[in-house]
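Written below as structure tokens is the structure these notes are about.
The structure displayed is predicted, hence computed values, not measured ones. Along the sequence shown, residues carry numbers from 1. Every heavy atom of this structure was used, including side-chain atoms; hydrogens, water molecules and symmetry mates were not.
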Amino acid sequence: MTKKLNVLIVEDDENDRNALIAEVNANADRLCLAGALKSSNDALAFIRNHKPHAVILDLELQEGSGDGMDLLDKLRSTVLCPKPYVVVNTNNASKVTLDSAKRMGADYAFAKWQKGYSPKMVIKQLLLVMPEILGKEEDLPEPLSEDQLENKMRDFVQNEFNKLGVSVKNAGYGYLVDAVILAANGENQNWAKILGEKLGKSESGVAHAMQYALNNTWTNSDIYTLQKYYTAPLRKDKFVPTTNEFVYFYKQKLLSHFNR
């Protein structure tokens with residue numbers, strides 16, 4: 001049996017959404033409707049849980065909630081294995097907007113105002129690239145469960161910390177690992193509070209332990225090791241990175257490793 005391309009539609013205009021759904025259903029021998037949402041706020045969770053091959057995304061969700069550009073930003077800032085192929089639709093006539101959408105991870109963009117635009121055109125484009133999308137998936141290992149993915153993320157971060165010389169004897173070591181994983185899953189800067197509530201610790205205690213682990217690392221590790229493995233620039237008045245700077249640096253390393 002030929003494998004079908006699972007497609008998620010994120011479109012708030014009812015007519016456009018129904019037209020796209022009809023085109024997907026008209027190609028039911030090759031395409032399967034994974035879902036149809038009008039809110040980008042719901043889309044990230046749907047993508048994480050259902051792993052569609054492709055997403056058709058409207059940038060301006062005026063009748064729904066959220067924003068298409070925000071979803072693109074979350075997709076590129078979150079570890080997803082595999083990432084979906086994203087086709088963007090927009091009524092916005094700005095070239096800057098279209099270029100920004102592509103820079104933020106959109107694989108293809110349609111302007112609804114362009115001559116000849118139709119939902120059929122969008123689906124035709126997906127059908128053209130479908131062999132490459134499914135072929136790429138066949139080269140990948142079996143999709144990981146959420147627990148398996150988190151374990152692999154944890155192993156990667158711990159290995160990076162060990163190379164840098166962060167001591168496992170410091171309580172902040174484990175907190176920093178968890179903070180990087182939280183950041184990679186889209187949680188921004190509430191790490192000490194979240195970890196404190198989860199572990200029955202005070203927010204200030206967790207925050208202090210994380211910064212202490214960094215201070216200890218920069219005091220005791222060889223300067224050449226630090227410069228080799230921590231390549232983010234440091235503020236001239238600060239020899240040691242802040243917890244936020246450190247976590248975001250390793251979040252980006254984690255994303256680069258898993259989303260390549």
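Note on D178 versus K198: no salt bridge recorded, every NZ/NE/NH1/NH2 to OD/OE distance being 4.0 Å or above. Looking at E14 and R17, no side-chain N of the basic residue comes within less than 4.0 Å of a carboxylate O on the acidic one, giving no salt bridge. The pair K120-E23 counts as a salt bridge, with a side-chain nitrogen and a carboxylate oxygen less than 4.0 angstrom apart.
Of all non-hydrogen atoms in A192 and M210, the two that sit nearest each other are CB-CE, 4.1 Å. Across all non-hydrogen atoms, the minimal contact from L37 to A43 is CD1-CA, 3.7 Å. Scanning all heavy atoms of the two residues, the minimum distance from L164 to T217 falls at O-CG2, 4.1 Å. Of all non-hydrogen atoms in L57 and G68, the two that sit nearest each other are CD2-O, 3.5 Å. The minimum heavy-atom distance between I21 and L33, with the atom names listed, is CG2-CD2, 3.9 Å. Closest heavy-atom contact between A54 and L126: CB-CD2, 3.8 Å.
Inter-residue side-chain proximity for I56 and E11 is flagged as unmet; no heavy-atom pair is nearer than 4.5 Å. Considering only heavy atoms from C-beta on, E187 comes within 4.5 Å of I194 through its side chain. Two residues are said to be in side-chain contact when any heavy atoms from C-beta on lie closer than 4.5 Å; F110 and Q125 meet this criterion. Residues P84 and I47 meet the side-chain proximity criterion, which asks for heavy atoms closer than 4.5 Å. V166 is not listed as a side-chain neighbour of V177, based on a closest heavy-atom distance of 4.5 Å or more. In this structure, V86 and L71 have side chains that are not in contact, with every pair of non-hydrogen atoms separated by 4.5 Å or more.
Taken from OH in Y230 to OG1 in T225, the straight-line distance is 15.5 Å, to the nearest 0.5 Å. Atoms CE and CD, from M69 and E60 in turn, are 9.0 Å apart once rounded to the nearest 0.5 Å. The distance from atom CE of M153 to atom NE2 of H257, rounded to the nearest 0.5 Å, is 10.5 Å. For the atom pair W191 CH2 and L176 CG, the distance stands at 9.5 Å (nearest 0.5 Å). Rounding to the nearest 0.5 Å places CG of D16 at 7.5 Å from CG of N91. Atoms CG and NZ, from N216 and K169 in turn, are 10.5 Å apart once rounded to the nearest 0.5 Å.
Y250 and Y212 are not part of a single hydrophobic cluster, where members link through side-chain heavy atoms under 4.5 Å apart. Under the 4.5 Å side-chain heavy-atom criterion for ILVMFWY residues, no single connected hydrophobic cluster contains both Y108 and W113. Using a 4.5 Å cut-off between side-chain heavy atoms of Ile, Leu, Val, Met, Phe, Trp and Tyr, with links allowed through other members, L31 and L128 fall into different hydrophobic clusters. The same ILVMFWY cluster, assembled from side-chain heavy atoms under 4.5 Å apart, contains both V206 and V240. Grouping the Ile, Leu, Val, Met, Phe, Trp and Tyr side chains by contacts below 4.5 angstrom, directly or via other members, places M104 apart from V96.
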- Kindly determine whether Q158 and N162 satisfy side chain to side chain donor-acceptor pair (under 3.5 Å), including the steps that lead there. CA-CA 6 Å; Q158 289 174 337; N162 294 341; over 6 Å; no
- Task: Might you work through the side-chain contact (heavy atoms from CB on, under 4.5 Å) test for R30 and L127, ending with a clear yes or no?
- Result: CA-CA 8 Å; R30 290 177 288 174; L127 291 171; 3.6 Å; yes
- Could you go step by step and tell me if L59 and L72 meet the side-chain contact (heavy atoms from CB on, under 4.5 Å) rule? CA-CA 9 Å; L59 287 186; L72 284 175; 4.2 Å; yes
- Task: Quick one: do E160 and L254 satisfy side-chain contact (heavy atoms from CB on, under 4.5 Å)? Show the steps, please.
- Result: CA-CA 10 Å; E160 291 295 316; L254 185 63; over 6 Å; no
- Message: Before you tell me yes or no, could you show the steps for Q252 and L255 under side-chain contact (heavy atoms from CB on, under 4.5 Å), namely the whole-Å CA-CA distance, both residues' side-chain angles and the distance that decides it to 0.1 Å?
- Response: CA-CA 5 Å; Q252 290 305 317; L255 291 173; 4.0 Å; yes
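A distance-only check finds a donor-acceptor pair linking the side chain of Q211 to the backbone of T243 [under 3.5 Å]. Judged by distance alone, with hydrogens and angles left aside, the side-chain atoms of D12 form no donor-acceptor pair with the main-chain N or O of K38 at under 3.5 Å. A distance-only check finds no donor-acceptor pair linking the side chain of N170 to the backbone of G172 [under 3.5 Å]. For S40 (side chain) and V10 (main-chain N/O), no donor-acceptor pair under 3.5 Å exists by modelled atom type. Put simply, the side chain of S118 gets close to the backbone of M121: a donor and an acceptor are under 3.5 Å apart.
Taking the ring centroids of F246 and F161, they lie under the 6.0 Å cut-off.
The number of heavy atoms from other shown groups lying within 6.0 Å of NZ (K201) does not exceed 12. Heavy atoms of other residues, nucleotides or ligands lying less than 6.0 angstrom from NZ of K163 number more than 12. The 12-atom threshold is exceeded at OH of Y117, counting heavy atoms of other residues, nucleotides or ligands nearer than 6.0 Å.
When each of V7, L5, N27 is checked for a side chain to side chain contact (heavy atoms under 4.5 Å, CB included) with M130, only L5 meets the rule. Checked options K95, R103, K102; the residue passing with D99 is K95 (criterion: side-chain hydrogen bond (donor to acceptor under 3.5 Å, both in side chains)).
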